[in-house]
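One structure, as structure tokens, below. Some questions next.
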There are 2 protein chains.
Amino acid sequence: MLLPIQLSTASPEPMYHQIEVQLRGLILGGKLTEGTPLPSIRELALDLSCSVITIRRVYQDLENEGLIRTRQGTGTFVARVETEQRERNRLETVARAFGEAVETAVRYDCGPEEMRRLLEEAIVRREQREHPKGKGDQIHE
Amino acid sequence: MLLPIQLSTASPEPMYHQIEVQLRGLILGGKLTEGTPLPSIRELALDLSCSVITIRRVYQDLENEGLIRTRQGTGTFVARVETEQRERNRLETVARAFGEAVETAVRYDCGPEEMRRLLEEAIVRREQREHPKGKGDQIHE
DNA sequence: TAATCTGTATATATCTATATACACAGTATA
DNA sequence: TATACTGTGTATATAGATATATACAGATTA
């Protein structure tokens with residue numbers, strides 16, 4: 001299974017954290033449901049062009065959060081997530097994301113009207129990138 | 001002079017980079033103009049509760065970008081910035097900020113309508129934080 | 001039971017942040 | 001007009017976080 005995770009190598013945000021944030025999003029966002037087997041650490045490391053140890057750390061962190069369950073020799077699986085936790089995290093995360101964008105905009109003397117325009121443009125760019133020829137957005141096997 | 005720089009100690013983004021991004025924003029955003037003396041590395045380190053070395057690195061990086069000019073024994077000053085460079089960087093940076101916010105939103109199954117609502121909320125939150133009792137946003141001496 | 005999946009542990013290199021000691025430039029003042 | 005003082009940026013050495021390679025151990029299957 002290929003996970004839709006994008007790494008920005010230019011970013012100063014550590015790899016392990018970029019992966020954690022996105023994988024946590026897939027689980028709490030409901031795109032990966034209880035019991036789903038995650039790719040093996042070697043498979044995901046190869047897919048993301050990083051070390052096995054880095055993926056290992058990500059899985060360990062998320063297991064400590066109770067989001068996944070791992071069994072040596074067998075694999076790693078998505079754990080059960082309470083609806084309440086899912087909703088709370090969802091709201092917090094997305095609200096913070098927009099808070100940071102607004103912060104940057106203000107720093108560059110960008111008013112509300114220009115922010116709204118930039119949001120629309122970002123939405124369109126995202127749409128075009130995701131559906132270049134009308135394809136779906138399923139997680140590939 | 002106190003610079004309006006906010007550090008998030010929880011964030012995995014390195015300190016030096018958080019400072020760089022925000023100081024670069026103040027210069028390219030036009031809030032700090034050519035010739036303005038920046039605080040000494042010790043003063044800013046004290047203000048931000050970090051090491052002198054960290055500020056030193058920030059100033060060095062920004063000097064390599066040509067945004068500031070430093071003279072031993074005298075201090076560090078804002079350099080001349082071409083209008084074209086200023087505009088280009090401004091657009092790139094703010095557009096990227098919104099691109100990342102949209103990326104996070106999509107990851108959490110958040111549609112355009114909810115994004116617009118969250119943007120408005122973030123703008124209001126920012127306004128309230130910045131002008132709690134109608135104060136201005138000048139850079140304090 | 002050998003092969004080959006799975007996760008785990010140890011040792012090492014690079015990056016981030018720091019303390020401490022150093023060198024240059026302006027200013028006060030004897 | 002020396003020269004000591006206090007401000008500025010600079011360089012060296014060290015601790016901790018991040019990413020890696022390599023070797024190890026459990027689980028499944030041919």
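So you know, we letter chains A, B, ... as the sequences are listed, proteins then strands, and number each from 1.
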Suppose the criterion is side-chain hydrogen bond (donor to acceptor under 3.5 Å, both in side chains): which pairs have a residue in residues 118-127 of chain B, not counting sequence neighbours? A:Glu103-B:Arg126, A:Arg116-B:Glu120, B:Arg117-B:Glu121, B:Arg126-B:Glu130
Whole angstrom is fine here: how far is it from NE2 in B:His17 over to C1' in D:dA17? 17 Å
Per-nt protein contacts along nucleotides 7-15 of chain C (heavy atom under 4.0 Å; B base, S backbone sugar-phosphate only, - none) come out as BBB------
Can you tell me the distance, in whole Å, between the CD atom of B:Glu13 and the P atom of D:dT18? 13 Å
Starting from P on C:dT18, measure out to CG on B:Leu48 and report it in whole angstrom.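 So the CG-P distance, B:Leu48 to C:dT18, works out to 11 Å.
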Can you tell me how far C1' of D:dA19 sits from CD of A:Glu20, to the nearest Å?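 Rounding to the nearest Å, CD of A:Glu20 and C1' of D:dA19 are 14 Å apart.
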Which residue pairs pass the salt bridge (Lys or Arg N to Asp or Glu O under 4.0 Å) test with at least one member in residues 68-77 of chain A, sequence neighbours excluded? none
Residues two or more places apart in sequence or in another chain: which of them pass salt bridge (charged side-chain N to carboxylate O under 4.0 Å, His left out) with B:Asp47? none
The salt bridge (charged side-chain N to carboxylate O under 4.0 Å, His left out) partners of A:Arg57 (sequence neighbours excluded) come to A:Asp61
Counting only N and O atoms by type, is there a donor-acceptor contact under 3.5 Å from the side chain of A:Glu100 to the main-chain atoms of B:Ala97?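 Judged by distance alone, no pair lies under 3.5 Å.
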Tell me, please, which residues at least two apart from B:Arg24 pass salt bridge (charged side-chain N to carboxylate O under 4.0 Å, His left out).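 Applying salt bridge (charged side-chain N to carboxylate O under 4.0 Å, His left out) to B:Arg24 gives B:Glu20, B:Glu65.
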Using whole Å, report how far CG of B:Leu46 lies from P of C:dT18.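 Value for this atom pair: 13 Å.
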Once you round it to whole Å, what is the distance between C1' of C:dT16 and CE of A:Met15?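 A:Met15 atom CE is separated from C:dT16 atom C1' by 16 Å.
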